[in-house]
Protein chains: 2
Amino acid sequence: MPPIDDRTAGTAPGRFAYDGLERVFHEKARLGIMTSLVSRPRGIAFAELKELCHLTDGNLSRHLQVLHDSGFVEIEKGLHRNRPLTVCRITDDGRKRFLDYINVLESVVRDALKAARVEPTSPAIAEGWSPA
Amino acid sequence: MPPIDDRTAGTAPGRFAYDGLERVFHEKARLGIMTSLVSRPRGIAFAELKELCHLTDGNLSRHLQVLHDSGFVEIEKGLHRNRPLTVCRITDDGRKRFLDYINVLESVVRDALKAARVEPTSPAIAEGWSPA
DNA sequence: TCACCCAACTTTACAACGTAAAGCCAGAAA
DNA sequence: TTTCTGGCTTTACGTTGTAAAGTTGGGTGA
């Protein structure tokens, strides 16, 4: 791998494309759901997850369906004191992929914080242009 | 502020709601655009921004419009060598709000990485349930 | 000078998505 | 046996992201 030239690294094509940002995870609600689930590998009941993420029933249901269809979450329907109880658990693949996603997020944060430190003498555009 | 109890902090309602995640920024393409712009306070030409973020013309145009309507980006149309040249610049408010957003993102990353370290003996759900 | 091309965007059309509201079902209560 | 409630699912709809088509105007070759 060639050494990185700091003068050009920040302007390379695709520098800020963030291809790795898996769409399924990149959603406010789903971010919360996955973070909850990753912290509780044994699973979380539907109702508790709902509270943790401040979601409505329908909303959580829909997002879980999306995550399940992608294979990142497993849903176990059972009974607790003769009442339906849905337990959601992150899958191994889900955990892996989510942490990959989090790594990309980390680089976004790093890029943005680094960018925010740039002094205002950076080049804007080529010389010789004028407003219309 | 009461001291945080680690045994309950992770289960408080809304713990993973991430209300602060401004929707306008929470989009793959817009994340890249804003990070680019924050690193170049004097502005970036449309064409260069397009390359930096690997976006199509129409795509970038639409996203810029959204960011402009929210007041986070200003668009200056001018001429360069007798050709139209659009320069995009982040506004003061845009910069401020984007960095706020980035702070929330940082906490998401922190939460997720912390959660991923939890040992698999954490409580799952109440005792006494059985699969259907 | 006329036709054509290309650069630099903008607009349009459509499919996918997130969400609130309505619906459903089973057990408990009255 | 009707009503209520917990625990989800399904539906319907407005919003969004994106690719494709459209626009405008300066160059350029014939």
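So you know, we letter chains A, B, ... as the sequences are listed, proteins then strands, and number each from 1. Computed over heavy atoms, backbone and side chain alike; hydrogens, waters and symmetry mates excluded.
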Could you run down the sub-3.5 Å N/O contacts of the protein with nucleotides 12-17 of chain D?
| from | atom 1 | to | atom 2 | distance (Å) |
| --- | --- | --- | --- | --- |
| D/dG17 | OP1 | B/R30 | NH1 | 3.2 |
| D/dG17 | OP1 | B/R30 | NH2 | 2.9 |
| D/dG17 | OP2 | B/R30 | NH1 | 2.7 |

Handout entry: Worked check of side-chain contact (heavy atoms from CB on, under 4.5 Å) between A/Y18 and B/T35
Key = CA-CA 11 Å; A/Y18 302 125; B/T35 303; 3.8 Å; yes

Exercise for the section: Report the C-alpha separation of B/L113 and A/E106 in whole Å, then their side-chain angles, then the decisive distance to 0.1 Å, and conclude whether the side-chain contact (heavy atoms from CB on, under 4.5 Å) test is met. Expected result: CA-CA 10 Å; B/L113 292 181; A/E106 226 182 332; 4.1 Å; yes

Problem - Pair B/I33-B/L55, side-chain contact (heavy atoms from CB on, under 4.5 Å): steps then yes or no - result: CA-CA 10 Å; B/I33 294 173; B/L55 292 169; 4.0 Å; yes

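Put simply, CZ on A/R83 is 6 Å from P on D/dG7, counting in whole angstrom units. Distance A/L85 CG to D/dT9 C1': 16 Å, rounded to the nearest Å. The interatomic distance linking B/L49 (CG) with C/dA8 (C1') rounds to 14 Å, in whole Å. Here D/dT10 presents its C1' atom at 9 Å from CD of A/Q65, a figure rounded to the nearest Å. Distance A/H68 NE2 to D/dT10 P: 13 Å, rounded to the nearest Å. The nearest whole Å value for the distance from the CG atom in B/L60 to the C1' atom in C/dA7 is 15 Å. To the nearest angstrom, P of C/dT10 lies 12 Å from CG of B/D69. Note: CD1 (B/I33) to P (C/dC9) measures 14 Å, nearest angstrom.
Both B/P84 and A/G58 lie close to DNA chain C; mapped to their nearest nucleotides by heavy-atom distance, the more 5′-ward contact belongs to B/P84.
Crowding of B/D92 atom CG: a count of heavy atoms from other residues, nucleotides or ligands under 6.0 Å not exceeding 12.
Using the six-membered ring where Trp is involved, B/H26 and A/H26 have ring planes that are parallel, under 30° apart on the 30 and 60° scheme.
Using a 4.5 Å heavy-atom cutoff, the side chains of B/L37 and B/F72 are not in contact. A 4.5 Å side-chain heavy-atom check between A/L49 and A/C88 finds at least one atom pair inside the cut-off.
If you check every strand for non-hydrogen atoms under 4.0 Å, A/N82 touches sugar and phosphate atoms only. When heavy atoms are screened at a 4.0 angstrom cut-off, B/S61 is found touching base atoms of the nucleic acid.
Proximity note for A/D57 (side chain, C-beta onward) versus D/dT10, D/dG7, C/dA8: the nearest is D/dG7.
When the side-chain nitrogen and oxygen atoms of A/T56 are compared with OP1 and OP2 of C/dT19, none of them lie within a distance under 4.0 Å.
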